[in-house]
Amino acid sequence: MESFDEIKARAEAAVPGAKIDIVPNPGPANQLSLLIDNEHATDVARFLRDDSALRLDFCSNATGVDWPERTVKKTVKVKKVIEGVEKDVDETTEEKAPGYLEAVYHLYSMTHKHGPVIIRMRTADRAEGARLPSLTPVWRSAEFQEREIFDLYGVHFDGHPDLRRILMWDEFLDHPMRKDYREPDDYEYEPTPHDDVLERAKGYYAARPQLDGAENIAPQTG
């Protein structure tokens, strides 16, 4: 299969205006991915699927990633005069990096038996701007997985044919896979609280002897 540099160059040439960045992975696998700008993502996806050399016709997996707002430390060399001598000194600065969400897709070619090629898209923010174009019209196998990302991370996929919750119930208001998610003490709409959720929920209701021990009292006879 072509290198990522070659795929990037050919995709940008095939889709005028598209911007694609190669994202390194610092993990042991060192698996690169392609960050695609949202405006041209659908056209780039179709190129990856239909190009005769690539034929990335199968999306095996799509998942979400949450990147909350964070402080990034940067160390730069600056020149300072110390005891009358100019020296290069390390100076550390801090910058606020805005938060965003990602959708990451693993693509394979069933035709050519190669892959994966990993592509990703990023939202503008983690609130009102948490929107991405759906790639379900390009890879049908992404439908349920984009629904899962919507449900658990809160990414709205524009153009998805049936975007609704897939794991949490409809009245649930939050997104459990976000890194700042806090589990409530009581699930107001959970149909059947159980285990630790049931124990926490008991704190919100008056004790009911018939359910809280009285049922274990043996009846007196004689």
Side-chain angles (χ1 to χ4, degrees), residues 1-68 99-126 129-167 175-179:
M1 190 176 67
E2 296 172 325
S3 70
F4 271 60
D5 287 306
E6 292 170 323
I7 295 173
K8 163 184 160 65
R10 293 208 303 113
E12 289 179 334
V15 183
K19 184 179 184 302
I20 302 173
D21 294 316
I22 297 176
V23 179
N25 184 342
N30 194 28
Q31 200 168 43
L32 302 176
S33 58
L34 300 174
L35 175 62
I36 302 172
D37 75 285
N38 299 341
E39 182 182 353
H40 301 90
T42 304
D43 290 335
V44 171
R46 288 199 180 96
F47 167 79
L48 296 176
R49 183 194 65 186
D50 298 339
D51 178 73
S52 60
L54 294 173
R55 291 289 186 204
L56 297 168
D57 46 21
F58 176 52
C59 175
S60 69
N61 180 59
T63 190
V65 184
D66 181 16
W67 298 93
Y100 57 86
L101 300 162
E102 281 187 334
V104 183
Y105 301 76
H106 289 67
L107 311 176
Y108 290 85
S109 172
M110 302 298 285
T111 302
H112 297 316
K113 305 296 187 292
H114 61 214
V117 171
I118 302 171
I119 64 172
R120 60 181 68 218
M121 299 181 290
R122 291 178 180 172
T123 66
D125 55 44
R126 299 171 72 251
R131 310 190 74 91
L132 293 173
S134 172
L135 299 186
T136 296
V138 182
W139 293 289
R140 194 69 174 82
S141 58
E143 179 187 354
F144 274 33
Q145 297 178 83
E146 286 184 344
R147 281 179 58 188
E148 185 178 52
I149 298 169
F150 161 70
D151 190 1
L152 300 183
Y153 290 91
V155 177
H156 289 257
F157 288 94
D158 296 326
H160 191 284
D162 186 23
L163 194 63
R164 54 193 168 92
R165 287 195 182 270
I166 192 170
L167 296 173
H175 306 288
M177 291 301 292
R178 291 210 185 187
K179 292 180 180 178

| request: With sequence neighbours excluded, give me every salt bridge (Lys or Arg N to Asp or Glu O under 4.0 Å) pair touching residues 44-54. | output: R10-D51, D43-R46

| request: Hey, can you tell me if F150 and H156 have their rings parallel, tilted or perpendicular (30° and 60° cut-offs)? | output: perpendicular

| said: Suppose the criterion is side-chain hydrogen bond (donor to acceptor under 3.5 Å, both in side chains): which pairs have a residue in residues 54-63, not counting sequence neighbours? | reply: D57-T111

| message | I need the single residue from E146, R147, E143 that forms a side chain to side chain donor-acceptor pair (under 3.5 Å) with S134. Which is it? | response | E146

| query | What residues, two or more places apart in sequence or in another chain, satisfy side chain to side chain contact (heavy atoms under 4.5 Å, CB included) together with A130? | reply | L101, T123

| task | State which residues pass side chain to side chain contact (heavy atoms under 4.5 Å, CB included) with E102; sequence neighbours excluded, sorted by chain then number. | result | V65, W67, Y100, V104, R120, R122

| Measuring from I7:CD1 to I119:CD1, what's the distance to the nearest 0.5 Å? | 11.0 Å

| Any sub-3.5 Å donor-acceptor pair from K8's side-chain atoms to I20's backbone N or O? | yes

| D151: what forms a side chain to side chain contact (heavy atoms under 4.5 Å, CB included) with it, not counting sequence neighbours? | R165, I166, L167, M168

| field | Donor-acceptor under 3.5 Å (W139 side chain, L56 main chain) | value | yes

| field | Shortest non-hydrogen contact between A41 and M121, atoms and distance | value | CB-SD, 3.4 Å

| More than 12 heavy atoms from other groups under 6.0 Å of CE on M177 | no

| K179/D66 ion pair, N-O < 4.0 Å | no

| message | Surrounding CD of E2 (heavy atoms of other residues, nucleotides or ligands, distance under 6.0 Å), is the total greater than 12? | response | yes

| note | Those residues at least two apart in sequence (or on a different chain) that pass ring-ring contact (aromatic ring centres under 6.0 Å, His included) with Y105 are none

| message | Just verifying a value: how many Å separate R126 CZ and H175 NE2, rounded to the nearest 0.5 Å? | response | 10.0 Å

